[in-house]
Amino acid sequence: MERKNQGSTLEKVLVLDFGGQYNQLIARRVREQNVYAEIKPYNKITVEEIKNIGYKGIIFTGGPNSVYDEASPHYDPEILNAGIPVLGICYGAQLIAYMADGEICSAENSSEYGKTLFKTNESLLFNDMPKESICWMSHTDFIKTPPEGFNVIAYTDKCPCAAMSNDEKKIYAVQFHPEVTHTEYGKQVLKNFLFNICDCHGDWKMENFVEDTIKKYSEELAGKKVLLALSGGVDSSVAAVLLHKAIGTNLTCVFVDHGLLRKDEGDFVEKTFRGQFGMNLIRVNAEDRFLGKLKGVTDPERKRKIIGEEFIRVFEDEAKKLGKINVLVQGTIYPDVIESGKGDSAVIKSHHNVGGLPSVISFDEIVEPLRDLFKDEVRAAGIQLGIPYELVWRQPFPGPGLAVRVIGEITKEKLEILRDADAIFREEIANAKLEGVTNQYFAVLTDLRSVGVKGDARTYGYTVALRAVTTDDFMTAEWTRLPFDVLERASSRITNEVHCITRVVYDITSKPPATVEWE
Ligand code: XMP
């Protein structure tokens, strides 16, 4: 099976990754300047390969090590003679000094952490910014003596060489982090590197990407039968519309409705893709099939496994009806590719992120139209393609859907109750215009029943939990401090409008120790 990447003749900058926590942020900051950046682990690319690819510039990331540690990542010093401009950041800066025989020192009393005033000398790297500004530092080691041929171009009270350069070789090194927003003129530093030093033109624009990708696939996939599993999530939706614009009805999208979606979600997906875009969409209403398999199951991991497997089976059954398929489309995005730790080596993201690849459908190749894009770029492409705003900015929704939000056994009745409560909560968040304040918010139907009173009668109903979290990456999350009056309105409406619910609680646990989902 052949895998097609999105090849291009774009100008590119390489972010050479030495294990820094900000590697993706650096690449995104470069792309914000309309220059395409790609991240490669330092040990997965040689100087020869770098030269052959023709990068316009290289950025060495930070990293947790000290250059003198035996286990610390090093690189071939020949890179400094490759004739390609280099910018080293933090550990990357020290590595440049080390490679070129400068002197690095480690001293607790010289360490700097946080916002720091730094002063600059004349340098192309610091064009169009004041001589004194705030930068973000996070280091113990520092460059004590720059290597021969290098000049100090910035310093702080504690750090005699906060930045250095060899202008002739176009090699620059900064001890601070230009990529974080705490560095006042960080954007300007990167801009200066890209445009003054690397001579980039800034041709990485979303409208170009969309146009080029449509053109490329309309040629490459002409006459081929292409299949895509559409979940209604951002990635598969954008991939679907891109491919649809390229090949029209040769693309078939299969939307497996497992009956575990939120209120009216299935209809919305169908209306958008078949109605608005006129796509060749097959909606499979498989609720009974899934609920049948889930009957009596209470263990969260078993629920996930059953749903993943059943999803593949339903998808396969539909695909088989279509006859020979040439191409399967995957919604893999750039962080999936890098997080595999393999740079550009391929990762197969399961098309429903709970299952795997179908095994009984045969196809000749996989196409991943979004594999070069970060999530915010996928969203920008979605907007460019005219996908509705509410879909492009949709909050994350787990593949197993409401199955992991109904605690204990799943029944149709419980799903209905949860859907209604969840819809009210989301409506109240929208009414209060809080969608931008919290990153994910939903209701959970607990398996706890409690006594209540409605009118004069005693009731014995379900307890619903509301959850809202604030997070950058979903690896850690804070519970969102929603205003009490919003919680009050949601609680009052849920207990009034949804039968069987007698109690509403708000989850005030962060992650860790809790996870975002309850199961
Ligand atoms: P947790 O619960 O692990 O969730 O803190 C972190 C993020 O991942 C989502 N999530 C899932 N997404 N399949 C998915 O596609 C799953 O099985 C799954 N479990 C959790 C969750 O909604 C949150 O955004």
Side-chain angles (χ1 to χ4, degrees), residues 11 13-16 20-37 55-62 84-97 102 110-139 141-144 146-147 149-205 376:
E11 56 181 20
V13 163
L14 171 66
V15 175
L16 201 57
Q21 56 178 325
Y22 299 127
N23 58 7
Q24 291 198 29
L25 190 58
I26 296 171
R28 281 171 54 194
R29 291 279 179 260
V30 171
R31 290 190 188 187
E32 278 165 22
Q33 300 289 342
N34 300 323
V35 174
Y36 183 76
Y55 290 108
K56 298 280 286 188
I58 305 167
I59 299 179
F60 287 9
T61 74
I84 305 171
V86 178
L87 173 66
I89 296 175
C90 197
Y91 175 83
Q94 294 159 12
L95 188 63
I96 290 174
S110 296
S111 68
E112 290 172 304
Y113 186 79
K115 290 183 179 172
T116 309
L117 182 75
F118 85 114
K119 300 173 188 170
T120 60
N121 299 328
E122 208 53 52
S123 169
L124 274 183
L125 194 65
F126 301 133
N127 262 7
D128 295 325
M129 53 188 275
K131 291 266 171 263
E132 293 189 8
S133 62
I134 297 295
C135 69
W136 179 261
M137 288 283 199
S138 174
H139 69 104
D141 288 7
F142 64 95
I143 301 167
K144 190 171 175 207
F150 280 77
N151 294 313
V152 172
I153 51 170
Y155 52 96
T156 70
D157 282 350
K158 283 188 174 175
C159 193
C161 176
M164 63 175 194
S165 72
N166 180 328
D167 295 334
E168 200 186 318
K169 290 177 118 179
K170 298 192 176 186
I171 296 170
Y172 293 77
V174 293
Q175 184 56 67
F176 59 88
H177 288 271
E179 70 278 19
V180 305
T181 48
H182 305 299
T183 296
E184 266 181 307
Y185 290 89
K187 233 181 206 179
Q188 188 62 39
V189 172
L190 289 175
K191 198 169 164 184
N192 288 334
F193 177 68
L194 296 170
F195 298 104
N196 296 342
I197 296 160
C198 301
D199 292 326
C200 289
H201 297 93
D203 53 8
W204 169 249
K205 301 220 169 90
D376 44 357

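Source: prediction; values computed, not measured. Below, all heavy atoms of this structure are taken into account, side chains as well, without hydrogens, waters or symmetry copies.
- Using a 4.5 Å cut-off on side-chain heavy atoms (C-beta onward), L16 and F60 make contact.
- With hydrogens and angles ignored, the 3.5 Å screen pairs a side-chain donor or acceptor of T156 with a backbone N or O of K158.
- Here the closest heavy-atom approach between residue T61 and residue G20 is recorded as OG1-N, 3.8 Å.
- The NZ atom of K144 lies 12.5 Å from the SG atom of C161; values are rounded to the nearest 0.5 Å.
- K191 contributes no side-chain N or O that, together with a main-chain N or O of Q33, makes up a donor-acceptor pair within less than 3.5 Å.
- Within the structure, side-chain hydrogen bond (donor to acceptor under 3.5 Å, both in side chains) pairs that include any residue of residues 170-180 comprise Q94-Q175, D167-Y172, H177-E179 (at least two apart or interchain).
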For S111 and H139, what are the C-alpha separation, side-chain angles and deciding distance, and is it a side chain to side chain contact (heavy atoms under 4.5 Å, CB included)?
CA-CA 6 Å; S111 68; H139 69 104; 5.9 Å; no
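- For the atom pair CD1 (I134) and OG1 (T183), the distance works out to 9.5 Å, reported to the nearest 0.5 Å.
- Residues V30 and L194 are in side-chain contact: their nearest non-hydrogen atoms beyond the backbone lie under 4.5 Å apart.
- Residue Q21 holds its CD atom at 10.0 Å from CD1 of I26, rounded to the nearest 0.5 Å.
- The side-chain contact (heavy atoms from CB on, under 4.5 Å) test applied to A93 returns I143, A173, not counting sequence neighbours.
- Although no hydrogens or angles enter the test, the distance criterion places a donor-acceptor pair under 3.5 Å between the side chain of R31 and the main chain of A37.
- In this structure D376 satisfies the salt bridge (Lys or Arg N to Asp or Glu O under 4.0 Å) test together with R28, sequence neighbours excluded.
- Among all heavy-atom pairs drawn from K119 and L117, the shortest one is CE-CD2, 4.1 Å.
- H201 contributes no side-chain N or O that, together with a main-chain N or O of D203, makes up a donor-acceptor pair within less than 3.5 Å.
- Between I197 and L87 there is no side-chain heavy-atom pair separated by less than 4.5 Å.
- No side-chain heavy atom of P178 sits less than 4.5 Å from a side-chain heavy atom of W136.
- Of all the heavy atoms in F195 and G202, the pair that sits closest is CE2-N, 3.8 Å.
- Residues passing the ring-ring contact (aromatic ring centres under 6.0 Å, His included) test with F193, sequence neighbours excluded: none.
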Donor-acceptor list for residues 124-132 side chains, cut-off 3.5 Å, not counting sequence neighbours:
none

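- P160 has its side chain out of reach of Y155: every pair of non-hydrogen atoms, C-beta onward, lies at least 4.5 Å apart.
- Once rounded to the nearest 0.5 Å, the distance linking CD of E184 with SG of C135 reads 9.5 Å.
- Evaluation of the side-chain contact (heavy atoms from CB on, under 4.5 Å) rule for F150 yields I96, A100, P146, P147, M164, N166, I171 as partners, not counting sequence neighbours.
- Side-chain contact check for V13 versus I59: some heavy-atom pair is nearer than 4.5 Å.
- Here the straight-line distance linking atom SG of C200 with atom CD of E11 works out to 4.5 Å at 0.5 Å rounding.
- Atoms OG and NZ, from S133 and K115 in turn, are 12.5 Å apart once rounded to the nearest 0.5 Å.
- For F118 and F176, the distance between ring centers is under 6.0 angstrom.
- No more than 12 heavy atoms of other residues, nucleotides or ligands sit less than 6.0 Å from atom CG of D157.
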